[in-house]
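See below for the structure under consideration.
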Number of protein chains: 2
Amino acid sequence: MPSDELKSILKKHKLRITDCRTDVLNLFIQKGSALSQGDLEHQLGAYDRVTLYRTLNSFLQAGILHKIPNATGVATYGLCHHTCSPNDHNHNHIHFKCNACGQIECLEDKAVPQISVPKGYQIEVVNMIVDGICPSCA
Amino acid sequence: MPSDELKSILKKHKLRITDCRTDVLNLFIQKGSALSQGDLEHQLGAYDRVTLYRTLNSFLQAGILHKIPNATGVATYGLCHHTCSPNDHNHNHIHFKCNACGQIECLEDKAVPQISVPKGYQIEVVNMIVDGICPSCA
DNA sequence: ATAGCTTATGCAACTAAATTGCATTTATAA
DNA sequence: TTATAAATGCAATTTAGTTGCATAAGCTAT
Ligand SMILES: [Mn+2]
Ligand SMILES: [Mn+2]
Ligand SMILES: [Zn+2]
Ligand SMILES: [Zn+2]
């Protein structure tokens, strides 16, 4: 993606434009799938782990990325494709984790179905994670 | 829960009966909510961290516990209320995580709704985690 | 009940990920 | 261009998860 577009995305979210941030953002856009901090470290070796860590946190805060729950213990992050802001993350799509290659993807077109919970419980966010085999691994 | 019942549960799953295992099992039954290894360490200080770690793994294997995905990074485990065996964990219920007290519960009565995924994806397991406020914290 | 075999436990050590403090560098707005 | 606030890198710490090995304990067959 052209550098100008990357910068405008950062600007839109009121983040200072730095090399690390544009590179991280670009990687997320290129890859299309969810990435962990380790993925970033591996593919953007130029930057310190801590800087990548803080970049992820900035992006979370800003609403550029969302955190994807999973049982493996390593946090993964996906691009917010819809308009998200720090206080209003707005995600409603299913996540898919491939048991073969380990990749996690956002299935943007698949909405999380409506559910009900017992009396007394208040719903704030609903996450749905599908484990299985992705098309590339089938 | 009476010691005899605890022992028979362990026996049913072909696990040797030890103090640690009966205490851990008893704690899960008493609490009713999901627990992390840290929770066990805190509440069953008599046992070594590694022993608790291996107890959790044995229980997972045996089908006594199931792992509950969440975005916090610490693994939590819940009792399998239905018949589960090592090769056939059979869970279909929603999990609820309270954003106030942090507790995670199994909503046994709330089934995970059926979903469809894009062509080429194969579903193996579906997890649904609801974040919100639990009745005790409301 | 006991002996013998198998499994569980505790300790120490190690890995990996997440997190913090602080000095230095860099981005941005005046 | 300069002043200010924020981002970065490095070092160090915390936390969770994991493995190896010697010892202790559970279980089964005699
Ligand atoms: Mn997503
Ligand atoms: Mn459950
Ligand atoms: Zn795959
Ligand atoms: Zn609560």
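Each chain gets a letter, A, B and so on, in the order its sequence line appears, and its residues count up from 1.
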Donor-acceptor pairs under 3.5 Å, side chain of residues 121-134 of chain B to any protein atom, not counting sequence neighbours: which ones?
unit_1   : atom_1 : unit_2   : atom_2 : d
B:Tyr121 : OH     : A:Glu105 : OE1    : 2.8
B:Tyr121 : OH     : A:Glu105 : OE2    : 3.2
B:Glu124 : OE1    : A:Asn99  : ND2    : 2.6

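Side-chain contact between B:Val24 and B:Tyr47 is absent, with no heavy-atom pair separated by less than 4.5 Å. With contacts defined as side-chain heavy-atom distances shorter than 4.5 Å, the pair B:Leu15/B:Phe59 qualifies. In this structure, B:Leu56 and B:Gln37 have side chains that are in contact, with non-hydrogen atoms separated by less than 4.5 Å. Side-chain contact between B:Lys97 and B:Gln103: absent, with no pair of heavy atoms (C-beta onward) separated by less than 4.5 Å. Contact of the B:His93 side chain with the B:Leu107 side chain is not registered, since no non-hydrogen atoms from C-beta on lie closer than 4.5 Å.
In this structure, A:Ile104 is not a member of the same hydrophobic cluster as A:Leu35, with clusters built from ILVMFWY side-chain heavy atoms closer than 4.5 Å. Under the 4.5 Å side-chain heavy-atom criterion for ILVMFWY residues, a single connected hydrophobic cluster contains both A:Ile64 and A:Leu60. With hydrophobic clusters built from ILVMFWY side chains whose heavy atoms lie under 4.5 angstrom apart, A:Val74 does not share a cluster with A:Tyr77.
The stretch residues 4-12 of chain B has no heavy atom under 4.0 angstrom from DNA chain C at all. In the region residues 22-37 of chain B, proximity to DNA chain D at under 4.0 angstrom, judged on heavy atoms, holds for B:Gln37.
Between the CG atom of B:Leu44 and the P atom of C:dG10 there is a distance of 11 Å, given to the nearest Å. Atom-to-atom, CG of B:Asn57 to P of D:dT18 comes out at 7 Å; the value is rounded to the nearest Å. If you measure from atom CG of B:Leu60 to atom P of D:dG17, you get 12 Å, rounded to the nearest angstrom. If you take CZ of A:Arg49 and C1' of C:dT19, they are 13 Å apart, rounded to a whole angstrom. The distance from atom CD1 of A:Ile17 to atom C1' of C:dA29 is 13 Å, rounded to the nearest whole Å.
The two atoms that bring B:Cys20 and B:Thr55 nearest to each other are SG-OG1, 3.5 Å, heavy atoms only.
Summary for the helix from C:dA1-D:dT30 to C:dA30-D:dT1: the axes at its two ends, each from 5 pairs, differ by 40° when rounded to the nearest 10 degrees.
Evaluation of the ring-ring contact (aromatic ring centres under 6.0 Å, His included) test over residues 19-42 of chain B, restricted to residues two or more places apart or in two chains, returns none.
Distances shorter than 4.0 Å separate some side-chain N or O of A:Tyr53 from OP1 or OP2 on C:dT19.
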### Task
Show your reasoning for whether side chain to side chain donor-acceptor pair (under 3.5 Å) applies to A:Ser116 and B:Lys110.
CA-CA 8 Å; A:Ser116 72; B:Lys110 292 293 173 181; 3.0 Å; yes
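The aromatic ring centres of B:His66 and B:His81 sit 6.0 Å or more apart.
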### Task
Quick one, give me the B/S/- string for nucleotides 4-10 of chain D, reading 5' to 3', where B means a protein heavy atom under 4.0 Å from the base and S means that only happens at the primed atoms, P, OP1 or OP2.
-BSSBBB
